[in-house]
Participant: 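Here it is, the structure in full.
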Amino acid sequence: AEARNLRPAAHGARSSTPLSIPLFFEPNEGQTDSQVKFLARGPGYGLFLTAKEAVLSLRPAAVNGHPSSGSVIRMRLDGANSTTRIQGSQLLGGKSSYFIGNNPAQWHRDIPQFARVEYQSVYPGIDLVYYGKERQLEYDFRVAPGAEPSQIAMTFDGASAHIESGELVLSTAGGDVRFHAPRIYQPSVYRTGVYQPSNSSPGQPANAGEPLAGGFRQLADNKIGFAIGAYDHTRELVIDPTLSFSTYLGGELIESLVKVAVD
């Protein structure tokens with residue numbers, strides 16, 4: 001069993017508004033394999049972030065009451081920094097607790113929840129940030145001024161990776177997972193006439209300039225990079241793909257039942 005603490009409503013209040021729990025990340029405090037640094041769960045999937053790779057565990061909904069076989073996709077960054085610093089950021093108000101089995105010594109209580117996980121300097125001058133937006137999983141490569149985005153090379157295991165109509169398609173025996181064509185932009189924040197890197201939340205384009213040309217690029221079998229058009233190398237560059245499970249899970253609408261008791 002897994003319990004997630006939520007802020008209670010005012011005493012005596014009643015509401016018919018459906019509960020919506022945003023995507024969040026938990027540090028690994030013993031609730032999963034020791035190689036995992038952070039994990040997140042969404043409808044039909046689990047994401048496990050280690051020092052070397054991101055592991056996506058997919059399980060479509062049961063069909064006629066029978067469990068469906070799932071898929072595991074691994075993404076690693078070729079040539080990346082093996083000692084990158086990994087940390088959670090934007091601490092959320094909730095906590096996660098796990099009460100599995102009848103041995104309290106194996107239970108895990110009050111695990112914090114974060115809105116983002118940041119990998120610092122995966123390549124020289126490039127950070128990687130995972131986060132959720134409207135329950136979808138997104139990740140940004142944030143390229144510092146003067147850094148070279150051509151360093152980025154993502155290799156996938158457990159799926160066949162190819163580019164289709166600008167989208168990155170990961171084909172598995174159970175279906176396709178898609179990364180939508182990335183939004184590529186340069187944040188435009190100026191203070192007293194001096195450029196400052198954006199400190200806004202990922203996925204918030206309020207301070208983004210005009211979109212830049214570019215997209216996914218096939219480097220080799222199951223190896224993907226990015227092609228970027230002309231841009232100002234003296235300013236930060238953001239590459240922002242979005243992950244979609246709708247094809248794999250069988251539709252755009254994913255239904256789930258969550259039971260919550262509020263004291």
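Note: hydrogens, waters and symmetry copies are ignored here, and every other heavy atom, side chains too, is used. Numbers for residues simply follow the sequence, beginning at 1.
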Participant: Quick check: do L58 and V177 have side-chain heavy atoms less than 4.5 Å from each other?
Facilitator: yes

Participant: Considering non-hydrogen atoms only, spot the tightest contact between P112 and L91 and give its length.
Facilitator: CB-CD1, 3.9 Å

Participant: Calculate, to the nearest 0.5 Å, the distance between atoms CD and CZ belonging to E118 and F38 respectively.
Facilitator: 9.5 Å

Participant: With a 4.5 Å limit on heavy-atom distance, are the side chains of W107 and S97 in contact?
Facilitator: no

Participant: Please indicate whether N103 has more than 12 foreign heavy atoms, meaning atoms of other residues, nucleotides or ligands, lying under 6.0 Å from its CG.
Facilitator: yes

Participant: Please answer: with hydrophobic residues joined when any side-chain heavy atoms are less than 4.5 Å apart, are I163 and L212 in the same cluster?
Facilitator: yes

Participant: First locate atom CD of E148, then atom CD1 of I228, and finally report the distance between them rounded to the nearest 0.5 Å.
Facilitator: 9.0 Å

Participant: Going by heavy atoms in the side chains, are L237 and P149 under 4.5 Å from each other?
Facilitator: yes

Participant: What are the two closest non-hydrogen atoms of Q35 and T50, and how far apart are they?
Facilitator: O-CB, 3.5 Å

Participant: Supply the atom-to-atom distance R41 CZ to F25 CZ, rounded to the nearest 0.5 angstrom.
Facilitator: 12.5 Å

Participant: If you compare all heavy atoms of A161 against all heavy atoms of I224, which two are closest, and at what distance to 0.1 Å?
Facilitator: CB-CG1, 4.4 Å

Participant: What about Y139 and V169, same hydrophobic cluster or not, with Ile/Leu/Val/Met/Phe/Trp/Tyr joined at side-chain heavy-atom distances under 4.5 Å?
Facilitator: no

Participant: Could you tell me the separation between the CG atom of D33 and the CG atom of N28, rounded to the nearest 0.5 Å?
Facilitator: 7.5 Å

Participant: Could you check whether any side-chain heavy atom of L47 comes within less than 4.5 Å of a side-chain heavy atom of Y130, counting everything from C-beta outward?
Facilitator: yes

Participant: How long is the straight-line distance from CG of L137 back to CG of L56, given to the nearest 0.5 Å?
Facilitator: 7.5 Å

Participant: Drop me the distance from Y98's OH to E29's CD, to the nearest 0.5 angstrom.
Facilitator: 10.0 Å

Participant: Is any side-chain heavy atom of F156 less than 4.5 Å from a side-chain heavy atom of L168?
Facilitator: yes

Participant: Taking 4.0 angstrom as the limit, do D240 and R183 come out as a salt bridge?
Facilitator: yes

Participant: When you check the side-chain N and O atoms of N81 and Y119, is any donor under 3.5 Å from an acceptor?
Facilitator: no

Participant: Is any side-chain heavy atom of F114 closer than 4.5 Å to one of S89?
Facilitator: no

Participant: Less than 6.0 Å separating the ring centroids of F226 and F141?
Facilitator: yes

Participant: For S121 and R85: C-alpha separation, side-chain torsions, deciding distance, then whether side chain to side chain contact (heavy atoms under 4.5 Å, CB included) applies.
Facilitator: CA-CA 8 Å; S121 298; R85 181 182 178 188; over 6 Å; no

Participant: Could you pull out the closest heavy-atom pair between L49 and A54, with the gap in Å?
Facilitator: CD2-CB, 3.7 Å

Participant: Under a 3.5 Å cutoff, is there a donor and acceptor pairing between the side chains of S171 and D176?
Facilitator: yes

Participant: Is any side-chain heavy atom of I73 less than 4.5 Å from a side-chain heavy atom of M75?
Facilitator: no

Participant: Strictly by salt bridge (charged side-chain N to carboxylate O under 4.0 Å, His left out), give each pair with a member in residues 156-165 just once, sequence neighbours left out.
Facilitator: R76-D157, E164-R178

Participant: Side-chain contact, heavy-atom cut-off 4.5 Å: Y123 with L77?
Facilitator: yes

